[in-house]
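The shown structure was predicted, so the numbers you read here are calculated from the model rather than taken from an experiment.
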Amino acid sequence: MSGSTRRRPTSFDVAERAGVSQPTVSRALSGSPAIAEATRRKVIEAAEALGYFVDERAARLRRGSTGTLAVVVICREGDSAGSINPFAYALLGSVCVAASERGFETLVSFQAREGEFFGHYQEQGRADGLVVIGTTMNQAAWEHFRGLEAGDRRVAYWGSPFDELDWVRSDNRAAGRLAVEHLLAAGYRRPCFLGALNTPQVQFTERYEGYAEGMRAAGLEPCLAPTVNAATREEEGRRAARRLIERGEEVDAIFAACDAMALGALETFAAADMAVPGDIGVMGFDDLVAGRFSRPPLTTIAPDPAEAGAALVEAVLGEDSTTRRRVPVRLIRRGSTAR
């Protein structure tokens with residue numbers, strides 16, 4: 001192997017090989033209509049022969065664009081890669097796909113620790129905009145990214161606990177109504193909502209409100225099995241289900257605010273020898289992969305991650321004139337409510 005490194009070809013080398021000026025090379029490779037097609041072909045052939053590639057980043061910066069979108073995934077401090085909500089990964093992938101379809105690359109960062117949050121990608125010329133997604137359980141992170149809101153910024157949020165931000169969310173109220181309709185149609189008569197209200201998790205409150213609307217429309221009183229903070233959503237679901245059993249209320253189904261809570265409740269009901277779906281029906285929200293393999297498989301409601309990702313990219317690029325957008329949800333029937 002030679003001790004010297006091969007010099008990278010420049011646009012001047014291409015110009016010399018093609019027999020044109022260096023500005024002509026730049027205009028030809030940028031697609032300028034001022035260059036004759038025969039000249040453009042000659043420049044492209046010379047560039048290919050030399051292995052010359054246009055510095056796309058520099059070219060985009062000259063045009064006022066980085067060609068990149070930044071994505072920040074907010075996590076809980078101490079989360080490992082395996083403990084992050086799988087829906088966040090699905091949404092992240094969908095954002096990356098939607099950005100790629102529009103010719104943008106993505107710069108991804110997972111952030112959890114207070115004092116180390118960063119979102120100034122646009123100011124540093126590293127990205128044209130920012131998408132923020134993740135858990136509302138990290139209040140300090142959301143307070144930080146809330147402070148980034150400004151008229152000249154391009155930021156879109158998924159999971160934001162703040163209504164004033166430019167957010168994209170699931171149609172949570174529709175999900176609550178859909179849950180009630182499904183459970184009543186399946187033969188349950190006393191479905192209860194399992195989750196917490198008046199918390200930073202605005203989506204949970206919206207799902208309860210939709211559930212309550214559905215119950216009252218059916219002539220029934222809403223029921224709440226409240227959760228309290230625990231190390232995981234699964235543990236919150238376990239504890240709430242345990243208290244529900246201990247209270248001895250005549251509840252024959254639950255709609256949990258998220259799949260993780262529903263899966264925790266399933267474990268508690270199994271430990272109490274309560275048959276699902278016979279003694280009690282269980283459904284959640286998110287369509288986590290784990291729910292497809294639980295015993296029984298978990299009925300759930302979820303937005304389409306692909307549509308959610310596209311909506312976030314459209315919002316941050318200004319393709320959608322609305323600053324707040326709801327993503328439709330769909331019911332996924334499985335064994336946990338199949339009487």
Side-chain angles (χ1 to χ4, degrees), residues 74 85-95 97-98 131-136 142 155-186 191-218 220 222 224 233 253-262 282-288 291 298-316 319-334 336-337:
I74 295 176
N85 187 336
F87 183 78
Y89 286 121
L91 187 55
L92 170 61
S94 296
V95 168
V97 169
V131 174
V132 182
I133 64 179
T135 177
T136 55
W142 281 108
V155 190
Y157 303 84
W158 180 278
S160 166
F162 305 116
D163 275 336
E164 75 270 17
L165 301 181
D166 292 349
W167 48 254
V168 178
R169 287 181 189 160
S170 306
D171 194 342
N172 295 300
R173 289 184 179 86
R177 295 190 296 269
L178 185 58
V180 172
E181 292 169 5
H182 168 68
L183 290 170
L184 295 181
C192 191
F193 182 86
L194 188 148
L197 308 182
N198 302 318
T199 71
Q201 184 61 282
V202 176
Q203 291 87 333
F204 288 3
T205 301
E206 290 180 345
R207 287 166 206 166
Y208 172 79
E209 291 169 349
Y211 154 84
E213 290 170 9
M215 290 288 283
R216 294 188 180 107
L220 300 171
L224 176 65
R233 294 295 191 195
I254 64 163
F255 168 46
C258 65
D259 278 359
M261 289 180 179
V282 179
M283 65 184 298
F285 185 101
D286 276 335
D287 190 25
L288 298 186
L298 183 66
T299 294
T300 190
I301 295 174
D304 181 347
E307 187 166 349
L312 285 164
V313 171
E314 289 166 6
V316 81
E319 296 177 3
D320 189 341
S321 59
T322 60
T323 58
R324 294 161 190 169
R325 177 172 167 181
R326 298 279 182 185
V327 176
V329 296
R330 64 188 180 98
L331 173 70
I332 303 168
R333 295 177 177 85
R334 298 196 184 108
S336 65
T337 58

Colleague: Quick one: CD1 on Ile254 to CG on Leu224, what's the gap to the nearest 0.5 Å?
Modeller: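 The CG atom of Leu224 is 11.5 Å from CD1 of Ile254, to the nearest 0.5 Å.
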Colleague: State the CD1-CZ distance between Ile332 and Phe285, to the nearest 0.5 angstrom.
Modeller: 9.5 Å
Colleague: Might you point out which heavy atoms bring Gly195 and Met261 nearest each other, and give the distance in Å?
Modeller: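 Here Gly195 and Met261 meet closest at CA-SD, 4.3 Å.
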Colleague: Looking only at heavy atoms, what is the nearest atom pair of Arg326 and Ser170, with distance?
Modeller: NH1-O, 3.1 Å
Colleague: Closest approach of Phe162 and Trp142, non-hydrogen atoms and distance?
Modeller: CE1-O, 3.6 Å
Colleague: Which value, rounded to the nearest 0.5 Å, describes the distance between Thr300 atom OG1 and Arg333 atom CZ?
Modeller: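 CZ of Arg333 is found 12.5 Å from OG1 of Thr300.
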Colleague: Who passes disulfide (SG to SG under 2.5 Å) against Cys258, sequence neighbours left out?
Modeller: none
Colleague: Determine the minimum heavy-atom distance between Leu183 and Pro191, stating which atoms define it.
Modeller: CD1-CB, 3.7 Å
Colleague: List in chain and number order the residues that pass side-chain hydrogen bond (donor to acceptor under 3.5 Å, both in side chains) with Asn172, two or more places apart in sequence or in another chain; answer none if no residue qualifies.
Modeller: Glu206, Arg207
Colleague: What pairs with Asp287 under salt bridge (Lys or Arg N to Asp or Glu O under 4.0 Å), at least two apart in sequence or on another chain?
Modeller: Arg292, Arg334
Colleague: Can you tell me if Arg169 uses its side chain to pair, donor with acceptor, with the backbone of Ser160 under 3.5 Å?
Modeller: yes
Colleague: For the CG atom of Asp286 and the CZ atom of Arg233, what is their distance to the nearest 0.5 Å?
Modeller: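 Reported to 0.5 Å precision, the distance equals 10.0 Å.
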Colleague: Apply side chain to side chain contact (heavy atoms under 4.5 Å, CB included) to Phe87 and Leu288, showing your working.
Modeller: CA-CA 6 Å; Phe87 183 78; Leu288 298 186; 4.2 Å; yes
Colleague: Partners of Phe255 by ring pair (Phe, Tyr, Trp, His ring centres under 6.0 Å), sequence neighbours excluded?
Modeller: Phe193
Colleague: Between Glu314 and Val168, does a side chain to side chain contact (heavy atoms under 4.5 Å, CB included) hold up when you go through it step by step?
Modeller: CA-CA 10 Å; Glu314 289 166 6; Val168 178; over 6 Å; no
Colleague: For the backbone of Pro161 and the side chain of Thr136, can you confirm whether one donor and one acceptor N or O come within less than 3.5 Å of each other?
Modeller: no
Colleague: To the nearest 0.5 angstrom, please state how far the CD1 atom of Ile74 sits from the OG1 atom of Thr135.
Modeller: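 With rounding to 0.5 Å, CD1 (Ile74) is 8.5 Å from OG1 (Thr135).
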Colleague: Hey, are Thr299 and His182 close enough side-chain-wise for a donor-acceptor pair under 3.5 Å?
Modeller: no
Colleague: Looking at every heavy atom in both Val95 and Val313, which two are closest together, and how far apart are they?
Modeller: O-CG2, 3.6 Å
Colleague: Identify, with sequence neighbours excluded, every residue that meets side chain to side chain contact (heavy atoms under 4.5 Å, CB included) alongside Val180.
Modeller: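 Per chain and number, Val180 pairs via side chain to side chain contact (heavy atoms under 4.5 Å, CB included) with Leu184, Tyr211, Met215.
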Colleague: For Ala90, check side chain to side chain contact (heavy atoms under 4.5 Å, CB included) against everything at least two apart and list the hits.
Modeller: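 Scan of Ala90 (side chain to side chain contact (heavy atoms under 4.5 Å, CB included), adjacent residues dropped) gives Pro305.
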Colleague: For a side chain to side chain contact (heavy atoms under 4.5 Å, CB included) check, start with the C-alpha distance between Trp158 and Val327, then their side-chain angles and the critical distance, and finish with the verdict.
Modeller: CA-CA 11 Å; Trp158 180 278; Val327 176; 4.0 Å; yes
Colleague: Let me confirm one number: the OG-CD distance from Ser94 to Glu307, rounded to the nearest 0.5 Å.
Modeller: 10.5 Å
